[in-house]
Each structure stands twice: as structure tokens, then as C-alpha cells.
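Working notes, structure below.
Not measured: the values here are computed from a predicted model. Per chain, numbering begins at 1; letters A, B, ... match sequence-line order.
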Amino acid sequence: MNHWLVKSEPETYSWSDLVRDKRTDWTGVRNYAARLHLRAMQVGDLVFVYHSGDDKSVVGIVKVVNEAHADSTDDTGQWECVDVAAVTDLPKPVTLAEIKANPKLAGMVLVRNSRLSVQPVSPTEWSMICKLGGLAKPPQA
DNA sequence: GCCAACGTTGGC
DNA sequence: GCCAACGTTGGC
């Protein structure tokens, strides 16, 4: 199983929207590198949700419930999305400042390439952020 | 509001 | 195929 991180502007679609919807198709990705990651996702993979903008925090975890398929919000037919379902929020959101300050996390794609909206997360990074986020044990797929 | 980083577009 | 110009993202 792989781990990922997706970004969203909370003004556009926030974690609370996701909790309300319970499940959503993660549309709107319009970047080739991000699309590669979407295509690599498998059902059961766990994904951090990060709020960009004012929040700048990892706020929750979703799981992939449907592999990549056509993005209904795209007219050109070239972009894809996966379906995700809410798993848990982080009791204590992990801020970008914390991530940058943590030597184990400072190498994250989130820090190195802040513009990539869908990105891989290493197992070490995953467990560290779960811990910082106040999860006693990381969720199972 | 500014600007750095990055991606895309289009002329050559 | 290169690269300048432009647009967008997102942190500060």
C-alpha cells in the first residue's frame, strides 16, 4: 500500500466538506505529474488531505475507494480523478511550519515542490505526521 | 500584495 | 527542440 498527499484550498473544498460528503470524487487536478500519481493510486491507499492558503496544515486522512477514472469536470477528456472517502481527521492538524522544522519531514515533496497538488508520502513521513497529528496509531486501509 | 517556483504556450 | 513570455500556485 502506498501513501499520498493531496492539497485543497479550503475555500474551494475543505475537510469539513469532505466529512459532510463522506465520499467524493477528487476532481480538478490539471497537472501531468499529479495525474501520474492519481493513476498510481490503488483502492485502499491512504491519503493525507492538506489545506493550502491560510490553514497550511495536514488536516485529515482519506482512503482511495475507486481508482483513477475520467474527471467529469473536464471537457477535454484528458484529466482524471480518484474517489476518496473520509477516514479520520487529525486531532491536532500538522502545520507546514512544523513539517519544515522537523528534520524527518523537511525533505517532503510538500516542502520541496510546494506546487504539486498530488504527491507521494514515504512510510516514515506518514507515521511521523500521524504521530504529530495526535493519532495513537495510524489507520489501517 | 508580492514574488519565487514551476508549468505551459507559442514563435522561431 | 529551444527558450522567452506568460499564467498560476501558494507561501510569506
Side-chain angles (χ1 to χ4, degrees), chain A residues 1-139 141:
Chain A
M1 189 193 55
N2 293 307
H3 296 108
W4 312 92
L5 181 147
V6 295
K7 292 194 298 194
S8 184
E9 294 245 16
E11 290 78 13
T12 306
Y13 193 81
S14 70
W15 173 253
S16 56
D17 292 330
L18 192 74
V19 168
R20 179 199 62 211
D21 296 344
K22 294 192 173 58
R23 173 184 173 134
T24 192
D25 44 344
W26 197 262
T27 56
V29 174
R30 298 291 184 271
N31 172 282
Y32 293 106
R35 190 179 69 183
L36 278 179
H37 295 311
L38 285 179
R39 286 175 172 171
M41 289 184 185
Q42 296 178 303
V43 172
D45 282 358
L46 292 170
V47 186
F48 285 134
V49 174
Y50 174 83
H51 277 172
S52 58
D54 289 341
D55 263 22
K56 291 189 282 296
S57 310
V58 179
V59 292
I61 295 174
V62 296
K63 68 180 171 187
V64 177
V65 292
N66 195 8
E67 67 191 12
H69 58 89
D71 181 338
S72 62
T73 68
D74 166 43
D75 293 335
T76 71
Q78 65 169 324
W79 299 110
E80 298 176 14
C81 63
V82 295
D83 296 354
V84 297
V87 173
T88 181
D89 63 328
L90 294 189
K92 183 177 166 298
V94 179
T95 67
L96 182 63
E98 283 179 85
I99 289 170
K100 284 185 167 176
N102 187 318
K104 288 202 172 98
L105 300 176
M108 281 184 72
V109 179
L110 187 65
V111 176
R112 295 204 324 271
N113 182 2
S114 61
R115 292 189 50 187
L116 187 59
S117 59
V118 182
Q119 51 186 263
V121 172
S122 78
T124 310
E125 293 160 354
W126 181 268
S127 52
M128 177 64 57
I129 287 178
C130 286
K131 189 176 153 195
L132 291 173
L135 290 178
K137 80 185 180 71

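Under the side-chain contact (heavy atoms from CB on, under 4.5 Å) test applied with A/Q119, the options A/N113, A/V109, A/V6 reduce to a single match, A/V109.
In the set C/dG10, C/dC12, B/dC6, C/dG10 carries the atom at the smallest distance from any side-chain atom of A/K7. The side chain of A/S52 lies closest to C/dG10 when the candidates are C/dC12, B/dG7, C/dG10. The side chain of A/Y50 lies closest to C/dG11 when the candidates are B/dT8, C/dG11, C/dG10. When the nucleotides C/dG10, B/dC6, C/dC12 are ranked by their closest atom to the side chain of A/N113, B/dC6 comes out on top.
A/V121 approaches A/W126 most closely through the heavy-atom pair CG1-N, 3.6 Å.
Remark: C1' of C/dT9 and CD of A/Q119 are 13 Å apart, rounded to the nearest angstrom. A/Y32 has its OH atom 15 Å from the C1' atom of C/dT8, to the nearest Å. Rounded to a whole Å, the CG atom of A/N31 is 14 Å from the C1' atom of C/dG7. Put simply, CG on A/D55 is 14 Å from P on C/dC12, counting in whole angstrom units. Residue A/L110 contributes atom CG, which lies 13 Å from atom P of B/dC6 at whole-angstrom precision. Rounded to whole Å, atom P of C/dT8 lies 10 Å from atom CZ of A/R115. Atom CD in A/E9 sits about 11 Å away from atom C1' in C/dG11, given to the nearest Å. In this structure, A/L116 places its CG atom 13 Å from P of C/dT9, rounding to the nearest Å.
A centroid separation of less than 6.0 Å is found between the aromatic rings of A/Y32 and A/W79.
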Quick test: give all pairs of protein nitrogen or oxygen and nucleotides 1-5 of chain C nitrogen or oxygen below 3.5 Å, distance rounded to 0.1 Å.
none

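At a threshold of 4.0 angstrom between heavy atoms, the contacts of A/R112 are confined to the sugar-phosphate backbone, with no base atom among them. In this structure, A/L96 reaches the sugar-phosphate backbone alone: every heavy-atom distance under 4.0 Å involves primed, P, OP1 or OP2 atoms, never a base.
For the pair A/K56 and C/dT9, the criterion of a side-chain N or O lying under 4.0 Å from OP1 or OP2 is not met.
Taking CE from A/M108 and CG from A/L5, the interatomic distance works out to 5.5 Å, rounded to the nearest 0.5 Å. Atom-to-atom distance recorded for A/T95:OG1 and A/K56:NZ is 9.5 Å, nearest 0.5 angstrom.
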*Verify side chain to side chain contact (heavy atoms under 4.5 Å, CB included) between A/Y13 and A/D21, making sure each step is shown before the conclusion.*
CA-CA 11 Å; A/Y13 193 81; A/D21 296 344; 2.6 Å; yes
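Other residues, nucleotides and ligands contribute only 12 or fewer heavy atoms inside 6.0 Å of the CD atom of A/E67.
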